[in-house]
Structure formats: C-alpha cells, structure tokens
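In this text the structure is predicted, and so the values were computed from the model without any measurement. Lettering follows sequence order; numbering is per chain, from 1.
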There are 2 protein chains.
Amino acid sequence: MPETLASAPIAADTAAVGSTPRRPATRRTSTAEQSTELRLAVMRLARRLRQERAEAELSAAQFSALMWTAAEGPLTLGRLAELERVTPPSMNRTVNCLVDGGWIAREASPDDGRKVLLRVTEPGDAIVRETRRRREAWLAKRFAALTADERETLVAATAILARLTG
Amino acid sequence: MPETLASAPIAADTAAVGSTPRRPATRRTSTAEQSTELRLAVMRLARRLRQERAEAELSAAQFSALMWTAAEGPLTLGRLAELERVTPPSMNRTVNCLVDGGWIAREASPDDGRKVLLRVTEPGDAIVRETRRRREAWLAKRFAALTADERETLVAATAILARLTG
DNA sequence: TATTGTTATACTCTATAACTATA
DNA sequence: TATAGTTATAGAGTATAACAATA
C-alpha cells in the first residue's frame with residue numbers, strides 16, 4: 001500500500017447535506033434550523049479543506065501530531081497524546097512513524113529521566129509549512145473571488161465561530 | 001475493544017491553533033490572513049462538532065454511510081462508495097457491519113441482477129435522528145446564546161460558506 | 001508507590017488485487 | 001468484454017493490558 005492514504009476519505013459527517021431542504025428565503029428560520037445549516041456548512045467545508053493536503057507524504061494523524069510538535073516546541077509524548085486526545089500507546093506509534101521519516105526527533109529530557117522530548121526537525125518544519133500553504137491556497141483562492149461585503153461577513157463570522165468553540 | 005471509538009480523536013488539523021497570533025483589531029488584515037483565520041476557525045469547530053456523537057453505537061465511518069443511506073433512499077454499494085469517496089471493498093466492509101447491526105438491509109435490485117440496493121431499517125433511521133439531535137444540541141445551545149446581530153451574521157455567513165464548497 | 005514511556009495484542013477503516021456473477 | 005459486488009490480504013490508527021525505567 002502507498003503508505004499514506006488515511007487522508008482521502010475521512011468520515012463525512014455531513015452525509016445528510018443532500019437532504020437539507022431548500023426553503024424559500026422569505027420564511028423565518030428558527031434558531032435550531034439556523035444552527036443546523038451552519039453545522040452542515042462547517043462540516044462540509046472542513047471536509048473539503050481536509051482533502052487539500054500535501055501529496056500524501058504524511059497521513060492526517062501524522063501531520064496533526066507534527067503540527068503540534070512544530071507549533072508548541074519540544075513536548076513530551078504524554079503531552080502530545082493529550083493534545084490529540086489519544087492514548088500514549090497510540091501516539092507512540094504515530095511518533096515512531098514520524099521519527100522513522102525524519103520529521104521529528106526524540107531527545108532525552110534533561111530534568112526527568114522518564115520523559116522524552118519530541119522536537120521537529122528542519123525537514124519536518126518545512127513540510128508543515130508546505131502542507132499548510134497548500135491547504136490555505138484552496139480557500140484563499142475562493143475567498144479572493146468574493147465581494148468585499150461577503151468577505152467582511154466572513155471575517156465577522158470567523159470571530160463568532162472562534163468564540164463558539166471557546 | 002469497545003467497538004466504536006474511531007470518533008473520539010480524529011486528526012486535529014487545527015494543530016497550529018495555539019500559534020495563531022492575536023493582532024490588534026485596528027490593523028487591516030490581508031485576504032490571505034483572513035482566509036487563514038477562517039480556515040482555522042472552521043476546522044476547529046468541525047472537530048468540536050465531530051466529538052458530539054451518540055454514545056458510541058456506531059463508528060464515524062458507519063454513521064456517515066448510514067446517514068447517506070437514510071437520506072438518499074435505497075442506493076447501491078458503488079454509489080455509496082462514491083459518495084464517501086471510498087473504494088467499493090472498503091464500503092462493503094462498513095456495509096457488512098451496518099447490516100450485521102440491523103441498521104440497514106441489502107435488497108436485490110429489480111432491474112439489474114448485479115446490483116444490490118441498500119435501504120435503511122427503522123432502527124437505523126431512528127439512530128440517525130437521535131445521533132443528529134445530539135450533535136446539533138451542542139451547537140444550537142451556543143447559537144441561542146448569541147445576540148440577534150451575531151446570529152444574523154452567522155446566517156449570512158452560512159450561505160457564503162456553502163457556496164465556497166459548491 | 002506513582003508516573004512516563006514502551007511493547008504486545010486486537011479491532012476498525014482503508015487500500016489493491018483477484019474472483020464471481022450478471023449485462 | 002465490461003460492470004457490480006465480493007473476498008483475500010495488508011497497512012495505519014486506535015484501544016487496553018502489561019512491562020520497564022525513573023521519581
């Protein structure tokens with residue numbers, strides 16, 4: 001198998017999209033309906049964005065762990081597992097793949113002999129930037145095609161969405 | 001193993017969130033920067049929404065396939081695989097799980113002996129509604145806590161977001 | 001004794017390759 | 001010969017349980 005594929009599909013979760021009824025714009029929608037449509041739109045866009053990934057050098061799980069390592073500096077296996085909400089043994093396997101690939105490196109912790117510090121390597125940092133660039137390219141292109149008003153609406157919405165996740 | 005867990009973690013993809021710089025509100029942001037922040041907010045919210053799932057009766061992949069089947073009426077294995085962007089053998093395994101659980105049923109196609117029609121069962125339809133209800137509950141609660149203006153912004157943004165994936 | 005990381009084992013989801021049945 | 005579904009086999013990601021090393 002071509003190693004890294006886990007990315008392509010990724011559970012829809014937006015499956016019911018096609019069944020969302022189209023209502024006349026004139027009708028007032030309830031808060032529940034509005035949140036439903038927002039949820040569907042968000043899940044669908046997220047799925048689309050997830051598909052925009054670097055050629056397939058890294059799986060989704062691997063890339064995610066790599067991003068944390070690159071962003072949060074050297075961190076322990078336990079901390080990384082916590083960030084990804086995964087058990088330490090699971091994260092250990094992912095880390096093994098990343099270490100084998102040369103994207104990150106294990107270091108002994110200076111203060112605690114039990115701990116291991118994970119640090120991104122130069123190639124690892126480079127591929128994070130490249131993958132992020134590709135993912136953003138897709139959205140930025142469509143973003144630029146909107147009217148100024150529409151962009152303004154999305155910018156305002158971004159702040160509100162961010163607050164929703166607290 | 002407790003069967004269905006594939007849900008819990010689900011690759012972050014928003015790993016760099018913590019590194020998003022907070023800029024003063026006065027500064028004008030570029031289109032690229034705006035799309036970046038939108039992307040991060042969308043991915044983060046999507047991840048949060050994905051975590052809100054029914055107790056764990058069905059895995060993410062199973063639930064997604066079930067939703068399509070419930071929404072799109074009886075459909076073939078090939079069509080379902082296409083909708084989920086998965087190969088037919090992969091979907092076949094997921095379908096086997098759903099059939100074993102009694103959530104969907106296989107039927108012979110009346111017009112083409114090679115085809116198989118997949119139809120949701122009554123329990124299958126019930127669990128789709130229940131799971132969807134639980135997922136929406138989380139968002140609807142927060143949505144209701146917003147001001148009328150904020151909700152209006154999100155409603156307007158929803159339509160724009162939907163067009164982005166179009 | 002408690003904590004951190006690791007290894008052993010098992011199950012799900014995914015893939016490709018090959019097979020069967022029908023068109 | 002082409003198409004729809006299935007089976008066989010394998011890799012990645014996840015889990016729990018058990019172990020080693022260090023605090």
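- In this structure, A:Thr94 reaches the sugar-phosphate backbone alone: every heavy-atom distance under 4.0 Å involves primed, P, OP1 or OP2 atoms, never a base.
- Contacts classified as side-chain hydrogen bond (donor to acceptor under 3.5 Å, both in side chains) and involving residues 151-164 of chain B (residues at least two apart or in different chains) are given here: A:Glu150-B:Arg163.
- In this structure, CG of B:Leu75 is placed 10 Å from P of D:dG5, rounded to the nearest angstrom.
- Going from atom CG of B:Asp111 over to atom C1' of C:dT22 covers 12 Å, rounded to whole Å.
- Between the C1' atom of D:dG5 and the CD1 atom of B:Ile104 lies a distance of 14 Å, rounded to the nearest Å.
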In 5'-to-3' order, the base (B), backbone-only (S) or no-contact (-) status of each nucleotide in nucleotides 4-9 of chain C, using a 4.0 angstrom heavy-atom cut-off, is SSBB-B

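- The distance between atom CD of A:Gln62 and atom C1' of D:dG11, rounded to the nearest whole Å, is 11 Å.
- A salt bridge (charged side-chain N to carboxylate O under 4.0 Å, His left out) check over residues 96-105 of chain B, counting only residues at least two apart or in different chains, returns nothing.
- Applying the side-chain hydrogen bond (donor to acceptor under 3.5 Å, both in side chains) criterion to B:Ser90, with sequence neighbours excluded, gives B:Thr87.
- Contact between the side-chain N/O atoms of B:Thr87 and the OP1/OP2 oxygens of C:dA15 is found at a separation under 4.0 Å.
- Rounded to whole Å, atom C1' of D:dA15 lies 14 Å from atom CE of A:Met91.
- A donor-acceptor pair under 3.5 Å is formed between the side chain of A:Thr131 and the backbone N or O of A:Ile127.
- With rounding to whole Å, B:Arg85 atom CZ is found 12 Å from C:dA15 atom P.
- Remark: the B:Ser90 side chain and the C:dA15 base include a donor-acceptor N/O pair separated by less than 3.5 Å.
- By the side-chain hydrogen bond (donor to acceptor under 3.5 Å, both in side chains) test, B:Arg142 pairs with no residue at all, sequence neighbours left out.
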Between side-chain atoms of residues 105-112 of chain A and protein atoms elsewhere (two or more places apart, or another chain), which donor-acceptor pairs fall under 3.5 Å?
from	atom 1	to	atom 2	distance (Å)
A:Arg106	NH1	A:Asn96	OD1	3.3
A:Arg106	NH2	A:Asn92	OD1	3.1
A:Arg106	NH2	A:Asn96	OD1	2.9
A:Glu107	OE1	A:Arg119	NE	3.4
A:Glu107	OE1	A:Arg119	NH2	3.1
A:Glu107	OE2	A:Arg119	NE	2.5
A:Ser109	OG	A:Asp111	OD1	2.7
A:Asp112	OD1	A:Arg114	N	3.0
A:Asp112	OD1	A:Arg114	NE	3.2
A:Asp112	OD2	A:Arg114	NH2	3.0

